[in-house]
Structure formats: C-alpha cells, structure tokens
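Keep in mind that what you see is a predicted model, and the values were worked out from it rather than measured. Count residues from 1 along the sequence.
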Amino acid sequence: MTRQTITGLLARHSPRTEEERADVAQVLALVEGTDDPWARSAPVHITASALIVHPDSGRVLLRWHPRHESWLLVGGHADDGEYDPLVIALREGREETGLTDLSPWPDAEVRHVAVVAVPANSKEPAHHHADLRFVLATRDPDAARPENSDAPLRWMEPAEAHEAIAEANVRDTLSRVTQLLV
C-alpha cells in the first residue's frame, strides 16, 4: 500500500527544481528499496507535513520547533499501521494545533518534496526526513491551540512568515503555497 500510495502521489507531482527532482528520486528509491520507508530507525525515512492556511484571511500557521529552534510546518512520522502521507499530515496537524476541521486545500496533492537533515538529540542520532508536504486549510483559525507550551503556534501573513522561517526548504514550501493564496 505504501508503494502504490507514494508512487501515485509523486507521479502527479511536478518537481520545480533540480534539487527537488533529486529528492523525489530519493523518495522513490527508498519506497522501492525497503519494506518500511517510514521506519524511524533508518537513516533516511519518509515523513509527512503540511502548511496550514486560512484561505479567507490569506494567513499561514507555523509551529515553533525547539529542536530546530525555528518556525516550521506541522507534521511528522507515521504511527503504526499508517501508510498514507496525507492521512499522516492530517493527524499530525490535528494533534499539533488542535484544529479539528483541517482538510486538504485546494486539493490533496503533494506540494513539495524535500529531504532534510534532522540534528541528533539525546534520543536519536542525526538522520534525514524525506518529507512529503501538503497544504491543509481551516475555517476556524481562532480554534488553534498548541500541543504543548514548548511548541507555540503563530498565524502570520506570508511575508511575515517568510521572514520568520530560517530554513530555505520551508521558505520554498511557503512560496509555493503563497501562490495558491492569491
């Protein structure tokens, strides 16, 4: 199921840069070359994330990630038995923001693929996330609540978010989503 779901999503996705083309190829090789491309124990594994938007106001929601010391997207790892990256992005989005009405926007397609480095911490060594990124929308931005006090949430205009984001790959995702909001 993972192989079909991911290859189908990526077959419909058009990488915008050479770097993204290489990242898509790495994800496809990972899916073809392992029984569990989601396994956190692997040095490179698939994750799913999303930029949450409120289309009516044109704002985006970012989450502070203490490990990265940066404003980032919501998202993360598959739970046992999960194989669909959109389902994972939706679950993570709901868990990390408290927003119960999240839905794919403007459609359920992957918007960006990025293989990103994750620094080591006391629980795991440095590794890479092969991140499949979506856009999710809410109709009720005021309902957003952080999962915990170490991971605050912040609604921002796209230009403010661009200034707040430290990582180029996340700014790239934001730029793609900003084009959808205009």
Output yes when a side-chain donor or acceptor of [X] lies under 3.5 Å from a complementary backbone atom of [Y], and no otherwise.
X: Asp23; Y: Val115; result: yes
X: Trp105; Y: Val53; result: no
X: Glu20; Y: Arg16; result: yes
X: Thr7; Y: Arg3; result: yes
X: Arg133; Y: Ala114; result: no

_Pairing of Arg63 and Glu92 as salt bridge, 4.0 angstrom limit_ = no

Check whether any side-chain heavy atom of [X] lies under 4.5 Å from a side-chain heavy atom of [Y], and answer yes or no.
X: Glu19; Y: Asp172; value: no
X: Ile46; Y: Ile88; value: no
X: Leu102; Y: Thr97; value: yes

*Do Thr5 and Asp84 have side-chain N/O donor and acceptor atoms under 3.5 Å apart?*
no

*Are side-chain N/O atoms of Gln26 and His128 paired as donor and acceptor at under 3.5 Å?*
no

*Kindly check if the number of other-residue, nucleotide or ligand heavy atoms within 6.0 Å of CZ (Arg67) is above 12?*
yes

*asked:* On a heavy-atom basis, which atom in Ala161 and which in Met156 lie closest, and how many Å separate them?
replied: CA-SD, 3.5 Å

*Can you measure from CD (Glu96) to NE2 (His65) and round to the nearest 0.5 angstrom?*
5.5 Å

*Approximate separation, where rounding is to 0.5 Å, of Phe134 CZ and Leu73 CG*: 12.0 Å

*Could you tell me how the ring of His127 sits relative to the ring of His45: parallel (under 30°), tilted (30 to 60°) or perpendicular (over 60°)?*
parallel

*Steps toward salt bridge (Lys or Arg N to Asp or Glu O under 4.0 Å) verdict (Asp107, Arg111)*: CA-CA 10 Å; Asp107 53 40; Arg111 293 292 162 189; 2.5 Å; yes

